[in-house]
Amino acid sequence: MADDQKLTTREADFGAWYNELVLKAELADYSAVRGCMVIRPNGYGIWERSQRALDDMFKETGVENAYFPLFIPESYLKKEAEHVEGFAPETAVVTIGGGKTLEEPLVVRPTSETIIYSSFAKWVQSYRDLPLLVNQWCNVVRWEMRTRLFLRTMEFLWQEGHTAHATYDEAEAKTRQMLGIYRRYMEEWGAMPVITGRKTESEKFAGALRTYACEAMMQDNKALQANTSHNLGQNFSKAFGLSFQTEAGASEFAWSTSWGLSTRVIGGLVMTHGDDIGLRIPPRLAPTELVIVPIYRAEEQRAQVLSVASGIRAELAKSATPIRVRVDARENMTPGAKYYDWELRGVPLRLELGPRDLEKGQGVLVRRDTREKRPVPLGELARTAADLLVTIQRDMFESARARREAHSLRGPITYDRFRQVMDGEGGFVYAGWCGSDACESAIKDETKATIRVLPDPEFRSPEAPRTCMKCGKDATAEAMWAKAY
RNA sequence: CGGGGCGUAGCGUAGCCUGGUAUCGCGCCUGCUUUGGGAGCAGGAGGUCGCCGGUUCAAAUCCGGCCGCCCCGACCA
């Protein structure tokens, strides 16, 4: 029980806690390249579960997967004025290939709008070719100055969806639909409640007409933008000649959208659900949902317990609601050490199985989220475990939501009070905004808090704020303010 | 790019001020005993003390330079 086996507590130092957890739970590791990380199997398994969940939902809406090049001709990036301004400062550029200086430098994609819409332009002639619905799973590179595991690295994995439509309305609907899918993923898989809404001009994607996002609250009361969905209008279509012939025979530029979610959400998962013991993975994203820890003394007991354990694994794997089970048969650790190990790694359920249990035909099920133990007859294990996993998933979501609401502030607020809140505990503050850049940036300078989103109707306060928290003029919108990652 | 901190075994560290056989814990290997909340005993392996140079009989230690990483600020999914 040495202290060095314990994590720094969240209260003592949230940033240190996060780093230690990510490293000790073997989600990721630093790499030989500054600012780039290695995603280890424990972390990648969560990403794979996420990919499957999202990919299935994308495909239900008719989106197909494709793949576009890592390298983008530098001239492409420059074709959309706002876009290049936004991304040029943070690109990596290849100038030499095969030992020779390239005629045109190649940008390592920071995002793929430019190269994708240039292809779309070749593929679309008439309205009959629309909508075009494509997604790709890939890596992108942004030359960040300051990095943090998962939350901001120079290279990261994500998916980026790109669609082209015949009308503005259809593009807007697609943008909103994808935001909805992200929300479902966050809440139903990740057990991370989000506030959805629209980004302000200063926070929107460079080149977009408008940007929507899901914002989640971390346990230090800061906001994490978990994903974004952009209505690109005709900006990229015009830049890349993505036009089509309408039914009436006229030529029009297509309306496009793009939307992305990255491995950053794994950092969000850690900061939403982790505790001072370690990670807690919501069951639906857990590569292993239940781990069996065998307990035994004598050699005969070992064989017997392990045999029952592997029988249980097989049974649960093919039950009505299959459960991903792993048996921890490591010889060099005592059961107690294994408990700590799996709690650190966040596996949602543990089954302790020893000779005394076998005599009684039972096992001891332990929830990771509450650490509550209960004996369960082996005959009822499949159903009980399946039910518990559903319960854990729901409870984790509910407690995260309760936590967020406890740190959310609504109703009339003075600017002085707002500054106090942001200087202290922080949290989400819903308040009126006059719509001016001046107020927005003044507040950012003075408090480091920014408008995370102009919330969608269901997240707005019962009574709309009347005046701008900063200048006192009439409010044009309700804004949700927070310090952000 | 500014400010701070750190580089000694796989990990965490002592030693540095005051130069002289490289310390301890965890982990790892072997054996025996163990195993229901971080096992015990015994034996063992593992190091260009971040790199380069200087001072010195002698440098982890003193001096100069460089590199890397982490944290805090300015830009950002």
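Note on naming: letters A, B, ... go to the chains in the order of the sequence lines (proteins, then strands), and numbering restarts at 1 for each one. The structure displayed is predicted, hence computed values, not measured ones.
Interface residues of residues 282-299 of chain A facing RNA chain B, ordered by number: I295(A), Y296(A), R297(A); criterion, heavy-atom separation under 4.0 Å.
No side-chain N or O of R401(A) forms a donor-acceptor pair with one of S399(A) less than 3.5 Å apart.
Nucleic acid contact class of N332(A) (heavy atoms, under 4.0 Å, all strands): sugar-phosphate only. If you check every strand for non-hydrogen atoms under 4.0 Å, P355(A) touches a base. Residue R142(A) is in base contact, counting any heavy-atom pair closer than 4.0 Å across all strands shown.
Closest approach to the N19(A) side chain among rC71(B), rG37(B), rG36(B) is made by rC71(B) (side chain taken as heavy atoms from C-beta onward). Taking only side-chain atoms of Y30(A), from C-beta outward, the nucleotide of rC72(B), rC70(B), rA74(B) with the closest atom is rC70(B). The side chain of R146(A) approaches rC72(B) more closely than any other nucleotide in the set rC72(B), rG36(B), rC71(B).
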_Expected output check: what is the dot-bracket annotation of RNA chain B, where ( ) and [ ] are pairs inside the strand (brackets for crossing ones), | is paired with another strand, and pairs are Watson-Crick or G-U under 3.5 Å?_
((((((((.[[[..)....(...]]].((((((.....)))))).....[[[[[..)....]]]]])))))))....
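In this structure, E155(A) and V366(A) both approach RNA chain B, and ranking their closest nucleotides by distance from the 5' end singles out V366(A). Comparing D341(A) and Y485(A), the nucleotide of RNA chain B nearest to each residue sits closer to the 5' end for D341(A).
A donor N or O paired with an acceptor N or O is not found under 3.5 Å between the base of rG38(B) and the side-chain atoms of K6(A). For D357(A) against rG36(B), a side-chain-to-base donor-acceptor contact under 3.5 Å is present. Interface remark: the E343(A) side chain does form a donor-acceptor pair with the rG37(B) base, using a distance-only criterion of under 3.5 Å.
The distance from atom CG of L358(A) to atom P of rG36(B) is 15 Å, rounded to the nearest whole Å. In this entry the distance linking CE of M145(A) with P of rG2(B) reads 11 Å, nearest Å.
Between rG19(B) and rU61(B), the distance separating the two C1' atoms is 6 Å to the nearest Å. Separation of the C1' atoms belonging to rA22(B) and rG46(B) is 14 Å when rounded to the nearest angstrom.
For E80(A), there are no side-chain hydrogen bond (donor to acceptor under 3.5 Å, both in side chains) partners two or more places apart in sequence or in a different chain.
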